[in-house]
Amino acid sequence: MSSENGRSGGAEGAVPEQLALIRETVRQARTPKAKPRTWRGAALAEGLPVARVVVDKGVLHLDRYFDYAVPKELDEAAQPGVRVRVRFGAGARNVRGGRREGGGLIDGFIVERCAESDYAGPLAALAQVVSPEPVLDEELLGLARAVADRYAGSLADVLQLAVPPRHARAESRPSPDPAPPPPAPDPATWQRYRRGAEFVASLAAGGAPRAVWTALPGPQWADEIALAVQATLASGRGALVVVPAGRPAARVDAALRERLGAGRHALLTADAGQERRYREWLAVRRGAVHAVVGTRAAMFAPVRDLGLVVVWDDGDSSHADDNAPFPQVREVLELRAARDKCAFLLGSWSCTVEAAQLVESGWAAPLVADREQVRGAAPLVRTVGDGDLARDGAARAARLPTLAWQAAREGLKHGPVLVQVPRRGYVPRLACERCREPARCRHCAGPLEARDDGGLSCAWCGRGEASWHCQECGGFRLRAQVVGARRTAEELGRAFPAVPVRTSGREQVLDTVGAAPALVVSTPGAEPVAEGGYAAALLLDGWAMLGRPDLRAGEDALRRWIGAAALVRDQGAGGTVVVVAEPTLRPVQALVRWDPVGHAVRELAERAELGFPPVSRMAAVTGPRDALTEFLRGVELPPDAEILGPVPTAVTEPGRPRRPGDAPPGGEHAERALVRVPPGSGAALARALKTAQAARMARGAGQQAVVRVRIDPADIG
DNA sequence: AGCACGCCGACT
DNA sequence: GTCGGCGTGCTC
């Protein structure tokens, strides 16, 4: 090795080069074939001396392949799909006829081996094959490419989400032998749904049905998913299930173990630790395991011969990745179903507008239970409106209307009672207590928010408001702030001194509670499952859930209410739900009738009328005013595109932790424009924005202000 | 983004 | 004469 290096000749950088090389060699000592060197003058592979490489650089103007020469020694290992390290950067440029080594070593994947390159200049050599394990096959590459295009992002960014980081030890261990397909199941509880048995039979027969499944309340859903997976495996194909969080993943995991036995499926969750995660992922990729359940990153799992993709509870915000380009599970699985011609199952107790659209467009069939089934399985839902609450003096003081009080007391005779309270910090738009006019900043008309110290400040400009009064009616009282789970628990503990009170929230999530009477105070999404179901549930502070300035506020509130109410016994068994919210509002009525699909269909019609997503496709473009204006002038939008704004955007959004991607870049003067296109022009919109962005980056050389593009922005309320 | 190239002003 | 400012362009 030293003699080979000695040949690298050129005086510049020879010594640091060798040092770097030694470090690399030590680091990679476990993989004998991976020897990073300069390969100067080394013989090239005879058959296909060119490797086409996707380099791990997320920037858009580098979103293409780069060709490298394959040294003879790496010929065998440098197969398509393997991880490599290559020199990349301006340093590796031609100097007076020769080629100087320079530029950093960066990671990449070989996508193809070719006989020749269409690049005119001299090729640099692959520095190193990190491992001969192929991790990126054509199918995953194609999917990543499609996702990148869909979201106007780069292939490298998507691959970072799709291919987990390498762990050498996990790689060195063999995966188990693949198991033979299980027998096809009988439809069991799928018979509760119209055409449910037919759906399962189609999976078992190798078909590719697509369905939006409105699950009946109760704990059956996990086994119903496991059954669909079993049916698919029985047809000799693989299956992939994506759920929003670790708890539902554990439920499906248990159901799969029950049906298939141990070791027949992989569990891919973010909290598993790198080695384990990579080991499970490799077992899938190597074809040792054909079924996968996991959280959002699992949406890319390289399941062989994919026959079915499943997403559970697609309205949950955890299904949106928080790394660029922010792909969403439902959308990615739609792409996979279309690309792989496999079955698609979107299941939820509730129904998103997007799910309703899949049905309305005819892309997926509805999988629903008959009305009587639904009525039989759901609890009795009653409402307490604001008016009732206001008249109910004592209740108002205690924040617990008489009806809710009674339901709790009655329920506690028979079992646990769930109390759902919105998260503190789940800041709603504050409004006048008398006339409900939203409270606005007197300087910029932004929405006022309650600070932790009890004061008010503007969510847009951040100015404090010391003496608010309503511009409409002169009132000076705002609606009460949301009381957190802990304080609610204390209050209830005093009200029901004989009953144990337990809380489940963000910091400490309870998984299950027993069948004994207890008050269980929980924030949405953290509700424990009760053994035998809750006797009753109280859904408090509905106004806060509904009052958020967000297009999805109604749908989200309904989803969270249904998520809690689905854990309550059916009405035949005395299950009762009391929701404290205005009974005339659409989501409240949908809960009372247990009709999430009807709600979504009406929302969809309204969105179509207003030209809102998902009926139109939107992109948000955010940046400092001047840069934004310049960007919008430069971009060649499809002819049917429409630009809304730009308008000033919030500097920060207090009450919610900043997530990457929603924080507007450019500080104080950031503005946001929305670009809207009719259905069918989404791809053209993404392409146009990406082209403009790439040109900008290439031209701007860093010092230009950042303009951020986001397809399908979440917060366009 | 990095990073090196190149073409202008202060320094030993 | 040479060192080094950062404007400009490229990355197989």
Side-chain angles (χ1 to χ4, degrees), chain A residues 8 10-17 20 36-42 44-45 48-72 74-75 78 80 82-130 136 141 148 152-160 323-325 623-624 627 631 660-661 665-666 690-709:
Chain A
S8 60
E12 328 91 281
V15 170
E17 174 59 39
R37 350 174 319 186
T38 60
W39 303 107
R40 175 167 308 263
L44 295 185
L48 300 168
V50 175
R52 197 146 282 169
V53 172
V54 50
V55 295
D56 185 19
K57 282 260 175 202
V59 274
L60 288 175
H61 59 287
L62 298 179
D63 192 16
R64 58 203 153 100
Y65 299 142
F66 291 87
D67 288 348
Y68 285 84
V70 181
K72 195 170 182 174
L74 299 183
D75 186 16
V82 303
R83 300 177 200 259
V84 290
R85 285 170 74 72
V86 294
R87 295 200 174 279
F88 191 82
R93 209 155 60 215
N94 311 329
V95 174
R96 282 183 295 278
R99 161 161 289 281
R100 241 192 72 211
E101 301 302 332
L105 279 172
I106 66 169
D107 294 315
F109 302 96
I110 296 183
V111 295
E112 195 184 357
R113 287 284 297 270
C114 324
E116 48 191 47
S117 171
D118 45 15
Y119 180 63
L123 298 185
L126 293 176
Q128 174 190 357
V129 173
V130 175
L136 179 62
L141 178 66
S154 67
L155 180 61
D157 278 348
V158 178
L159 288 176
Q160 207 140 51
N323 286 104
F631 178 88
K690 182 172 168 177
T691 306
Q693 186 73 307
R696 215 183 124 72
M697 307 290 276
R699 193 158 17 92
Q703 58 170 356
Q704 266 186 77
V706 189
V707 171
R708 185 147 28 217
V709 170

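Every heavy atom of this structure was used, including side-chain atoms; hydrogens, water molecules and symmetry mates were not. Below, chain A is the first sequence line, B the second, and so on; all start at residue 1.
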Rounded distance (Å) that lies between atom P of B:dA1 and atom CG of A:Asp56 | 16 Å
C:dT11 P sits how many Å from A:Leu105 CG, rounded?
-> 18 Å
Inter-residue atom distance A:Phe66.CZ - A:Ile106.CD1, 0.5 Å rounding | 8.5 Å
Hey, is A:Tyr119 doing a stacking thing with C:dC12, by the 5.5 Å centroid and 30° angle criteria?
-> yes
Value in whole Å for how far the C1' atom of B:dG2 lies from CG of A:Leu62 | 11 Å
Rounded to whole Å, NZ of A:Lys57 lies from C1' of B:dG2 at a distance of 6 Å
Less than 4.0 Å between a side-chain N and a carboxylate O, is that true for A:Arg83 and A:Asp56?
-> no
What is the distance, rounded to the nearest whole Å, between atom CG of A:Asp63 and atom C1' of B:dA1?
-> 15 Å
How many Å lie between CG on A:Asp67 and P on C:dC12, as a whole number?
-> 11 Å
Rounded to the nearest 0.5 Å, what separation is found between the CG atom of A:Asp107 and the CG atom of A:Leu159?
-> 12.0 Å
Starting at CG of A:Leu126 and ending at P of C:dT11, how long is that distance when rounded to a whole Å?
-> 18 Å
Does A:Arg52 use its side chain to pair, donor to acceptor, with the backbone of A:Tyr65 at less than 3.5 Å?
-> no
C:dT11 P sits how many Å from A:His61 NE2, rounded?
-> 11 Å
